[in-house]
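What follows is a set of notes on a single structure, which appears directly below.
We number each residue from 1, following the sequence as shown. Remember, predicted model here, so these are calculated numbers, not experimental data.
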Amino acid sequence: MRLFIFAIGGTGSRVLKSLIMLSAAGVKPLDSDGRPMNNVEIVPVIIDPHKSNEDLKRTSIMGMTGTTITDTFVFNMEAVGQTKFRQFIHYDTMNEPNQALTSLLFADYQLENKMNIGFVGSPNIGSVALNMIKDSEEFKAFANVFAEGDRIFFISSIFGGTGAAGFPILVKNIRQAQNLDVSNKNFLRMAPIGGLTVLPYFNLNNSQDKRIDKADFVVKTQSALQYYNETLTHPNERYVNALFYLGDQTSSIPYDYDPGNVRDQHNPAHLVELVGAMAALKFAGMDNREFFDGMGGFLPTKAFEYGLDRDLLDVSFDTFGQETRQLIYRPMVKFHMLFIYMRTALKAIIGQGFTQDEPKIRSEFTTTQFFRTLVDQFFDFYTEWLSEMYANLRHVQLFNVGENNLSNIIHNVVTKKGFFGRKNVDANTFNAELNKLSRDNKKYSDRTVEYKLLDLFNEAAGNILDDKYENIN
């Protein structure tokens, strides 16, 4: 099964970034029996006319390499981004009555909006501009590869412009695919569709009486929720099969007011985005019987909310409920162990022990693109993500960032007691376990070095986590 995730606007990109971190750690959707699903392929699709948006750039390095649409997963919206809204709707060529009607619907500043900075909190602009997507080459490419059994998930905010407008427009176009010149119309029309609707969760500095005013967030949310209820989840429509509502009444640290002129929406990571990423995985793990009525129709929309096990400003693994810990704890801890080991211990062991078993890990491995991309680039983004979540007003501290002592890397989780006190975990602990698992193991003989290292470490880290650390699940 493929899960096509449409990440719309700045919030979409930020949630997608958290999903990338979870996926890198090996977090997988859980089926109805709580077992990890290995057959889910996630296909991200980013939609944001604000191409200089730093949140988009930090989510995807695509779109800056001149590659084709099949590689980028970023919708080409140059036709929108290079014009003012009045030019996009051909305001100056309208007759006088139509100009008068348009002026009633859109304020002067909205008509003058340069759309390469997004829709600046104006969903009425976004709903017009984003309707062009159905005719784009990217949408046709998506429809061409969409297959029976695939699913679609939307990530968007409800209190801004791009996301609030894009979600209902895209859902409508997919559900009414029979009216479009695209392939696989019936598969699209009957595909399970889920959505994450992100309610207000961040604060803004100096936004009073500005084009994006935090005082308007709640009013915009109420209006959009009513519209969604009438058009997406109404019993007579049932366009969306599962809708996840997520927000935080404890606002973030104040973000700089920036409609695209200064730092281009460079917002720090937040707990809401991490939880939002889990919503996509929850949807992927749901059984088809939760969507279909058995007679070729859809069941009523299922609605989900999320709550911490304890409503605290300081969030660690033990603050989450059991279902969340079951989903993310083991894979994230094992990935963090890999992060520490790859950066501090691997080079010293090359030429010894498990690195000498086939396929051998030689010193030149540390100069390969795989190693440099993972250790020198991705791990930097990973550290930045953890640090930003910790620095926000609701502190998320899953790990002790900057701590290389493997006995003390999981926040609020200690190693088990031994005969002489707490058990110690260091590089030698991992070397010994890796050597034991690799010795006389033939399953890697026809595999790549990269596969051997990651698969071997995953098993070793799991054994050490069970043997050495207190269990919080």
Side-chain angles (χ1 to χ4, degrees), residues 1-7 15-16 19 22-23 26-45 142-143 145-156 167-168 170-178 182-198 225 228-246 275-307 320-331 473:
M1 180 188 77
R2 283 175 299 186
L3 178 64
F4 289 85
I5 296 183
F6 285 78
V15 173
L16 183 58
L19 182 59
L22 294 181
S23 298
V27 177
K28 298 177 180 179
L30 303 179
D31 64 18
S32 56
D33 295 321
R35 297 170 301 191
M37 299 173 62
N38 296 315
N39 62 337
V40 178
E41 177 185 354
I42 293 175
V43 183
V45 183
F142 152 69
V145 299
F146 195 86
E148 186 176 14
D150 291 343
R151 296 182 181 180
I152 302 167
F153 192 81
F154 290 93
I155 301 172
S156 63
F167 177 36
L170 288 166
V171 170
K172 179 182 177 181
N173 285 330
I174 288 171
R175 286 296 188 225
Q176 299 178 355
Q178 71 272 14
V182 297
S183 304
N184 302 322
K185 297 179 181 181
N186 196 52
F187 293 159
L188 285 171
R189 188 175 62 85
M190 294 303 298
I193 294 179
L196 170 67
T197 295
V198 181
L225 284 173
Y228 287 10
N229 180 59
E230 294 172 354
T231 60
L232 298 180
T233 63
H234 191 275
N236 294 332
E237 299 293 349
R238 301 184 183 181
Y239 275 10
V240 176
N241 301 100
L243 199 53
F244 296 77
Y245 296 96
L246 182 62
V275 175
M278 298 180 213
L281 299 175
K282 171 80 172 180
F283 175 72
M286 294 174 68
D287 193 281
N288 270 337
R289 288 173 294 183
E290 299 188 63
F291 306 137
F292 299 101
D293 60 13
M295 295 179 290
F298 291 129
L299 292 168
T301 302
K302 287 182 166 51
F304 296 87
E305 295 179 322
Y306 186 90
F320 294 116
Q322 194 275 334
E323 183 179 345
T324 299
R325 294 198 305 272
Q326 182 185 11
L327 177 69
I328 69 172
Y329 178 66
R330 285 183 65 83
N473 277 335

Under a 4.5 Å cut-off applied to non-hydrogen side-chain atoms, are M286 and N241 in contact? no

Of all heavy-atom pairs between L22 and I328, which one has the smallest distance, and what is that distance? CD2-CG2, 4.3 Å

Heavy-atom side-chain proximity of F153 to L196 below 4.5 angstrom: yes

Just checking E305: does its CD atom have more than 12 heavy atoms from other residues, nucleotides or ligands closer to it than 6.0 angstrom? no

Gap separating the CD1 atom of I174 from the CG atom of L188, nearest 0.5 angstrom: 6.5 Å

Quick one, Y329 with Q322, criterion side chain to side chain donor-acceptor pair (under 3.5 Å). Give me CA distance, side-chain angles, the key distance, then yes/no. CA-CA 10 Å; Y329 178 66; Q322 194 275 334; over 6 Å; no

Is there a donor-acceptor pair closer than 3.5 Å between any side-chain N or O of R175 and the backbone N or O of K172? no

For F154 and F167, take the angle between the two ring planes, folded into 0 to 90°, and tell me which bin it lands in: parallel under 30, tilted 30 to 60, perpendicular over 60. tilted

Which heavy atom in V27 sits nearest to a heavy atom in L327, and how many Å separate them? CG1-O, 3.6 Å

Is L243 close to L232 at the side-chain level, that is, under 4.5 Å between some pair of heavy atoms? no

NZ/K282 to OG1/T324 distance, rounded to the nearest 0.5 angstrom? 9.5 Å

Of all heavy-atom pairs linking V182 and A143, the shortest is CB-CB, 3.7 Å

Output for pair (Q176 CD, Y239 OH), nearest 0.5 Å, gives 4.0 Å

Check for a donor-acceptor pair, side chain of R238 on one end and backbone N or O of G297 on the other, with a separation under 3.5 Å. no

Taking the six-membered ring for Trp, is the centroid-to-centroid distance between Y245 and Y228 below 6.0 Å? no

Could I get the full list of salt bridge (Lys or Arg N to Asp or Glu O under 4.0 Å) partners for R35, not counting sequence neighbours? D31, D33

On the 0 to 90° scale, with breaks at 30° and 60°, tag the F142-F4 ring pair as parallel, tilted or perpendicular. perpendicular

Atom pair OG1/CD1 of T197 and I155 - distance to nearest 0.5 Å: 11.0 Å

Is there side-chain contact between L3 and F283, with at least one heavy-atom pair below 4.5 Å? yes

Heavy-atom closest pair (A7 atom, L16 atom, distance to 0.1 Å) is CB-CD2, 4.0 Å

Describe, in one word, how the ring planes of F320 and Y306 are oriented to each other, choosing from parallel (under 30°), tilted (30 to 60°) and perpendicular (over 60°). perpendicular

For G285 and P29, the nearest pair of non-hydrogen atoms, with its separation, is N-CB, 4.0 Å

Closest heavy-atom pair and its distance - A191, F146: CB-CZ, 3.5 Å

Sub-4.5 Å side-chain heavy-atom contact between L281 and M37: no

Please step through side chain to side chain contact (heavy atoms under 4.5 Å, CB included) for the pair R189 and N186, ending with a clear verdict. CA-CA 5 Å; R189 188 175 62 85; N186 196 52; 2.7 Å; yes

For the CD atom on Q326, are there more than 12 heavy atoms of other groups (residues, nucleotides or ligands in this structure) within a distance under 6.0 Å? yes

Drop me the distance from N473's CG to R325's CZ, to the nearest 0.5 angstrom. 6.0 Å

Quick one: CZ on R151 to CD1 on I193, what's the gap to the nearest 0.5 Å? 12.0 Å

For the aromatic rings, using the six-membered ring if either is Trp, is the centroid distance between F292 and F298 under 6.0 Å? yes

Can you sort out the partners of D287 under side chain to side chain contact (heavy atoms under 4.5 Å, CB included), two or more places apart, ordered by chain and number? R289, E290

